Every structure is written in structure tokens, then in C-alpha cells.
Visitor: 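Before anything else, here's the structure in question.
Keep in mind that this is a model prediction, so the values were computed, not measured.
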Amino acid sequence: MDQIYKNFYRHFYLKTGGFIPTKPLNQNLFPGDYFQINNGEIVLLGNLYRKEIIDPKEVKLSTAITLNATSWNFSDGISKPYSGRANGQGTIDGQFEFSKQILKFANKGSFCFRAKEPVSIKMSNWNEIQQQLIIKLTHSLFSFRELYVVTESAAATSTTLAIAGESDAELELATDQENFGLVDIFGDPSTKTIQSKDIEYYHCETRRKSAYFKAKKLMVQEEKLSAFISDFMVTSSNPSEWVDQFFNTTFHHEGDYNSSIDSRNAQSVFLNMLHSNELNSNTALLYYKWADANLDDVEKLFGN
């Protein structure tokens with residue numbers, strides 16, 4: 001069922017210019033939070049500011065940044081077979097008019113997302129502190145080999161998200177507020193759900209939760225990784241002369257395949273094979289760098 005959400009996460013990253021929803025959804029993340037991804041979920045480990053990993057004199061945060069609201073309202077696989085006004089009959093007030101809308105979701109994982117007045121705050125001096133963070137987080141204070149640091153977090157006055165659990169899912173909505181007419185009522189706090197079919201997730205959040213973020217991730221420098229992979233391919237070739245001499249057997253030793261390292265796990269293999277004296281405060285910057293969290297990390301949230 002977890003894969004149903006993947007389509008939304010990918011679209012969110014692309015539409016909002018690099019923001020990623022927290023996982024689980026509606027978890028709060030703030031600038032300075034550092035975390036790892038384990039079993040497809042974000043595991044929060046601490047905050048750089050709260051633990052004073054960054055000197056309080058070096059704390060620089062932006063004021064609220066107004067984000068492009070258009071980029072924070074999008075959908076995929078959605079049609080509206082009905083949208084209009086209808087009449088109802090109340091026991092007390094008699095006849096009344098309301099707006100009604102039916103959303104149809106074409107595929108499993110089709111979704112509709114609305115956010116009002118999105119804003120963000122971010123670390124405004126990342127370039128000045130990034131190198132000291134590498135040294136502190138990988139050697140002098142901690143020994144992290146894999147880590148993400150939140151550099152910007154976003155929230156909105158309200159957010160509404162619906163995700164289909166099956167193809168041809170439907171969501172029927174209504175509101176008695178005036179002046180809607182044929183305008184989209186999905187995402188308005190006054191909107192009520194009349195009925196739904198095969199909707200996996202539907203939630204309207206009216207608190208300004210910082211549930212969307214940008215982050216930097218700890219990465220091995222390309223030249224170090226390339227050199228390691230080249231050396232690995234040479235040293236793992238299992239030379240036949242050594243096998244014959246060391247094991248003194250007549251076993252067949254010619255491999256049917258060559259050892260290789262998948263690019264997705266090359267970094268972890270490299271770090272596991274570092275000699276104990278290779279990484280220290282003086283060499284940390286030669287081995288590590290920061291990179292933007294991207295779609296590869298969205299894939300990681302879903303076990304790929």
C-alpha cells in the first residue's frame with residue numbers, strides 16, 4: 001500500500017521546486033533537523049541548533065518566505081464529472097442551496113493536493129557552515145556515514161490531500177458556503193465529504209505544520225568513489241594463480257561473472273571499507289561533501 005503514495009511524492013518534488021513531504025505525512029521538520037531514512041521512514045535524530053552543534057552566534061535563519069501558491073496546487077489523474085450548485089431541504093431552515101463536486105481518480109495513486117498561502121523559513125548561511133558540519137558530524141562529534149540536514153521547511157494555512165487506493169476512485173464533496181458557483185471546492189475548510197469510493201488517504205490540515213522540507217545529504221566525493229570502484233574491480237578479480245597456491249586444490253576457480261558494485265550502494269560499500277586511520281578531522285573534507293536531496297531520496301523513502 002505504501003507505493004500508492006509514491007506518485008504524490010514525486011510530483012510534489014517536481015512541482016514545488018525541490019520540496020519533499022515528510023514521511024509519515026504531517027510530521028514536523030524544521031531547519032537544522034538532521035535525520036536518516038530507515039525502512040522507508042524519516043527517523044529524526046536531533047537538531048543542530050538545539051544541541052548547539054552550531055555555535056549560537058552563527059545561527060542565521062530567514063524571515064518567512066512567501067512561496068508561489070500556484071506551484072502548491074496540483075493533481076494527477078483527476079477529472080470532475082460533476083461540479084455545480086444543487087438544492088437541499090432542511091428540517092428547520094427549509095430549502096437551501098449548496099455547491100457540489102465529484103472528483104474521479106483515474107488510477108491507483110492518482111491524487112489531488114491543495115495548499116493555501118504556503119511560506120517557508122530556511123538556513124540563510126549554509127555555505128558558511130557546511131564544511132564545519134562535515135567535520136563535526138563525521139568525526140569530531142559524531143561518526144555519521146549517511147545523514148540528511150533540513151535546510152528549509154514549509155507550511156501553509158491549510159492543506160488538503162486525497163489519494164486513490166484503486167482505479168476509478170471517487171470523492172463527492174459539498175459546501176453550503178456562498179459564492180463558490182462552479183469554483184473548485186476541494187481544499188476549502190468548509191467542504192464536507194458526502195461519500196467516497198476507494199480513497200486511500202484524505203485529510204485536511206488546518207494547522208500550519210512544517211511538513212515539507214528541503215535538505216542536504218552527506219555524500220562521498222566523486223573522485224574518491226571513482227578511484228575506489230576502479231581499485232575494487234582490480235583487486236576483486238580473484239586471480240587464479242593466488243587461488244591455486246593458497247588453497248592448494250584442484251577446484252575450478254574461474255568465475256562465471258565479474259564482481260561489480262551497483263551505483264546505488266557504492267557509497268556505503270566504500271565507507272565500510274575505509275581503513276580506521278583514513279578518516280579524521282584533517283581528511284574529512286577530502287572524503288565528504290553535501291548535495292541536495294532529490295528524487296533518488298524520494299525513491300529511498302519507498303524502499304527503492
Visitor: Which residue is it: Tyr201, Phe186, Phe12? I am looking for the one with a ring-ring contact (aromatic ring centres under 6.0 Å, His included) to Phe113.
Guide: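 Only match with Phe113 under ring-ring contact (aromatic ring centres under 6.0 Å, His included): Phe12.
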
Visitor: Please check if the distance between the ring centroids of Tyr9 and Tyr5 is under 6.0 Å.
Guide: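 No; Tyr5 has its ring centre 6.0 Å or more from that of Tyr9.
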
Visitor: Output every pair passing salt bridge (Lys or Arg N to Asp or Glu O under 4.0 Å) with a member in residues 152-166, not counting sequence neighbours, ordered by first then second residue.
Guide: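 For residues 152-166, and leaving out neighbouring residues, there are no salt bridge (Lys or Arg N to Asp or Glu O under 4.0 Å) pairs at all.
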
Visitor: Apply side-chain contact (heavy atoms from CB on, under 4.5 Å) to the pair Tyr82 and Glu172, showing each step before the final yes or no.
Guide: CA-CA 9 Å; Tyr82 180 84; Glu172 185 175 341; over 6 Å; no

Visitor: Evaluate the side-chain contact (heavy atoms from CB on, under 4.5 Å) criterion for residues Asn127 and Gln130: first the C-alpha distance (whole Å), next the side-chain angles of each, then the deciding distance (0.1 Å), finally the verdict.
Guide: CA-CA 6 Å; Asn127 289 337; Gln130 60 172 321; 3.6 Å; yes

Visitor: Looking only at non-hydrogen atoms, find the nearest pair between Ser281 and Ser140 and report the distance.
Guide: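 Minimum heavy-atom contact is OG-CB, 4.4 Å.
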
Visitor: Donor-acceptor pair, Lys209 side chain versus Asn28 backbone, under 3.5 Å?
Guide: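 Looks like no, no N/O pair under 3.5 Å.
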
Visitor: Would you check if Leu133 and Ile54 make a side-chain contact, meaning some heavy-atom pair closer than 4.5 Å?
Guide: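 Yes, their side chains come closer than 4.5 Å.
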
Visitor: Can you list the residues that meet the side chain to side chain donor-acceptor pair (under 3.5 Å) rule with Asn280, with sequence neighbours excluded?
Guide: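 Here the qualifying residues are Thr283.
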
Visitor: Is it true that Ile121 and Leu67 fall in one hydrophobic cluster, defined by side-chain heavy atoms closer than 4.5 Å?
Guide: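 Hydrophobic grouping puts Ile121 apart from Leu67.
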
Visitor: With Asn68, which residues qualify under side chain to side chain donor-acceptor pair (under 3.5 Å), at least two apart?
Guide: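 Listed in chain order: Ser71.
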
Visitor: Judged by modelled atom types alone, do Thr175 and Ser190 share a side-chain donor-acceptor pair under 3.5 Å?
Guide: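 Distance-only check passes for Thr175 and Ser190.
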
Visitor: List for me each residue that meets side-chain contact (heavy atoms from CB on, under 4.5 Å) alongside Lys289, sequence neighbours excluded, and say none if there are none.
Guide: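 Once residues adjacent in sequence are excluded, the partners of Lys289 under the side-chain contact (heavy atoms from CB on, under 4.5 Å) criterion are Met219, Gln221, Glu222.
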
Visitor: Answer whether the closest heavy-atom distance between the side chains of Ile102 and Leu171 falls below 4.5 Å.
Guide: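 Counting from C-beta outward, Ile102 and Leu171 never come under 4.5 Å.
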
Visitor: Using side-chain heavy atoms (C-beta onward) and a distance below 4.5 Å, is Thr151 in contact with Phe213?
Guide: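 The answer is no, as the side chains (C-beta and beyond) never meet within the 4.5 Å cut-off.
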
Visitor: Transitively linked via ILVMFWY side-chain contacts under 4.5 Å: Met123 with Ile135?
Guide: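 Met123 and Ile135: one cluster.
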
Visitor: How long is the span from the CZ atom in Phe144 to the NE2 atom in His139, to the nearest 0.5 Å?
Guide: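 The distance works out to 15.0 Å.
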
Visitor: Between Glu200 and Lys108, is there a side-chain N and carboxylate O pair less than 4.0 Å apart?
Guide: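 No, Glu200 and Lys108 are not salt-bridged.
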
Visitor: Out of curiosity, Ser99 OG to Gln101 CD, how far, rounded to the nearest 0.5 Å?
Guide: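 So the gap between those two atoms works out to 9.0 Å.
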
Visitor: Are Phe30 and Leu44 connected in the hydrophobic side-chain network, where two residues link if heavy atoms are under 4.5 Å apart?
Guide: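 They do not share one cluster, since no chain of ILVMFWY contacts under 4.5 Å joins Phe30 to Leu44.
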
Visitor: Could you walk me through whether Leu301 and Ile42 pass side-chain contact (heavy atoms from CB on, under 4.5 Å), step by step?
Guide: CA-CA 8 Å; Leu301 284 171; Ile42 292 170; 3.9 Å; yes

Visitor: Taking a hydrophobic cluster as the set of Ile, Leu, Val, Met, Phe, Trp and Tyr residues connected by side-chain heavy atoms closer than 4.5 Å, whether directly or through intermediates, do Leu137 and Leu141 fall within one such cluster?
Guide: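 Yes, same cluster.
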
Visitor: Excluding sequence neighbours, so at least two apart, what forms side-chain contact (heavy atoms from CB on, under 4.5 Å) with Ala169?
Guide: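 By the side-chain contact (heavy atoms from CB on, under 4.5 Å) rule, Ala169 matches Phe105, Ala164, Asp198, Ile199.
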
Visitor: How close do Ser167 and Asn107 get, heavy atom to heavy atom, and via which atoms?
Guide: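 Looks like OG-CA, 3.7 Å.
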
Visitor: Using the side-chain contact (heavy atoms from CB on, under 4.5 Å) criterion, which residues pair with Pro56? Sequence neighbours excluded.
Guide: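 In terms of side-chain contact (heavy atoms from CB on, under 4.5 Å), with neighbours along the sequence ignored, Pro56 is linked to Glu52.
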
Visitor: Does any N or O in the side chain of Asn47 come within less than 3.5 Å of the main-chain N or O of Arg50, such that one atom is a donor and the other an acceptor?
Guide: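 Judged by distance alone, yes, a pair lies under 3.5 Å.
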
Visitor: A quick test of your reading: do over 12 heavy atoms of other residues, nucleotides or ligands sit less than 6.0 Å from CD of Gln131?
Guide: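 Atom CD in Gln131 is not crowded, with 12 or fewer foreign heavy atoms closer than 6.0 Å.
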
Visitor: Going from OG1 on Thr206 to NZ on Lys116, what distance comes out if it is rounded to the nearest 0.5 angstrom?
Guide: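 NZ of Lys116 is found 11.0 Å from OG1 of Thr206.
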
Visitor: I'd like to check the side chain to side chain donor-acceptor pair (under 3.5 Å) partners of Lys104; sequence neighbours left out, ordered by chain and number.
Guide: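 Scan of Lys104 (side chain to side chain donor-acceptor pair (under 3.5 Å), adjacent residues dropped) gives none.
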
Visitor: As an exercise, state the distance from OG of Ser158 to CD of Glu117, rounded to the nearest 0.5 Å.
Guide: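 The CD atom of Glu117 is 8.0 Å from OG of Ser158, to the nearest 0.5 Å.
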
Visitor: Would you say Asn7 and Ser110 make side-chain contact, with heavy atoms under 4.5 Å?
Guide: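 No, their side chains stay 4.5 Å or more apart.
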
Visitor: Among residues two or more places apart or on two chains, list those pairs meeting ring pair (Phe, Tyr, Trp, His ring centres under 6.0 Å) that have a residue in residues 42-67.
Guide: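 Matches after skipping sequence neighbours: none remain.
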
Visitor: Less than 4.5 Å apart, side chain to side chain, heavy atoms only: is that true for Pro24 and Glu41?
Guide: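 Answer yes - side chains close enough.
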
Visitor: Check whether any side-chain N or O of Ser210 sits under 3.5 Å from a backbone N or O of Leu29 as a donor-acceptor pair, and report yes or no.
Guide: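 Present.
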
Visitor: Using side chain to side chain donor-acceptor pair (under 3.5 Å) as the criterion, list what pairs up with Asp297, not counting sequence neighbours.
Guide: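 Once residues adjacent in sequence are excluded, the partners of Asp297 under the side chain to side chain donor-acceptor pair (under 3.5 Å) criterion are Tyr148, Lys217.
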
Visitor: In chain order, what residues pass the ring pair (Phe, Tyr, Trp, His ring centres under 6.0 Å) check against Phe19, with sequence neighbours excluded?
Guide: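 Testing Phe19 for ring pair (Phe, Tyr, Trp, His ring centres under 6.0 Å), a comparison that skips the adjacent residues, returns Trp72.
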
Visitor: Hey, what do you get for CG (Asn294) to NZ (Lys300), rounding to the nearest 0.5 Å?
Guide: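 The distance works out to 11.5 Å.
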
Visitor: What are the two closest non-hydrogen atoms of Thr160 and Cys204, and how far apart are they?
Guide: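 Closest pair (atom of Thr160, atom of Cys204, distance): OG1-SG, 3.3 Å.
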
Visitor: Side chain to side chain donor-acceptor pair (under 3.5 Å) between Arg208 and Thr157: does it pass, once the steps are laid out?
Guide: CA-CA 5 Å; Arg208 298 181 70 89; Thr157 303; 2.8 Å; yes

Visitor: Under 4.0 Å between a Lys/Arg side-chain N and an Asp/Glu carboxylate O for Asp292 and Lys214?
Guide: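 Answer for the salt bridge query: no.
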
Visitor: Scan the side chains in residues 57-65 for donor-acceptor partners under 3.5 Å anywhere in the protein, sequence neighbours excluded, and list what turns up.
Guide:
from: Glu58; atom 1: OE1; to: Gln132; atom 2: NE2; distance (Å): 3.3
from: Glu58; atom 1: OE2; to: Gln132; atom 2: NE2; distance (Å): 3.2
from: Ser62; atom 1: OG; to: Lys122; atom 2: N; distance (Å): 3.0

Visitor: Considering residues, nucleotides and ligands other than Lys197, do more than 12 of their heavy atoms fall under 6.0 Å from its NZ?
Guide: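 Check passes, neighbour count above 12.
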
Visitor: So Tyr212 and Thr22, do their side chains get closer than 4.5 Å, heavy atoms only?
Guide: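 Thr22 does not reach Tyr212 side chain to side chain.
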
Visitor: side-chain contact (heavy atoms from CB on, under 4.5 Å) for Ile163 and Tyr202? Distances and angles first, verdict last.
Guide: CA-CA 7 Å; Ile163 303 177; Tyr202 179 47; over 6 Å; no

Visitor: Parallel, tilted or perpendicular: which fits the ring planes of Phe74 and Phe111, with parallel below 30° and perpendicular above 60°?
Guide: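 Because their plane-to-plane angle is over 60°, the rings of Phe74 and Phe111 count as perpendicular.
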
Visitor: Measure the OG1-CD distance between Thr138 and Glu146 for me, rounded to the nearest 0.5 Å.
Guide: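 Here the rounded value is 14.0 Å.
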
Visitor: Is Leu173 reachable from Ile194 through a run of hydrophobic residues whose side-chain heavy atoms are each under 4.5 Å from the next?
Guide: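 No: no chain of side-chain contacts under 4.5 Å links Ile194 to Leu173.
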
Visitor: Answer yes or no: is there a side-chain heavy-atom contact under 4.5 Å between Leu218 and Ile134?
Guide: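 In contact.
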
Visitor: Checking Ser75 now: which residues fulfil side-chain contact (heavy atoms from CB on, under 4.5 Å) with it, not counting sequence neighbours?
Guide: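 Listed in chain order: Ile78, Cys112.
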
Visitor: Does Leu45 reach the side chain of Leu147, with side-chain heavy atoms less than 4.5 Å apart?
Guide: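 Touching, per the 4.5 Å side-chain cut-off.
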
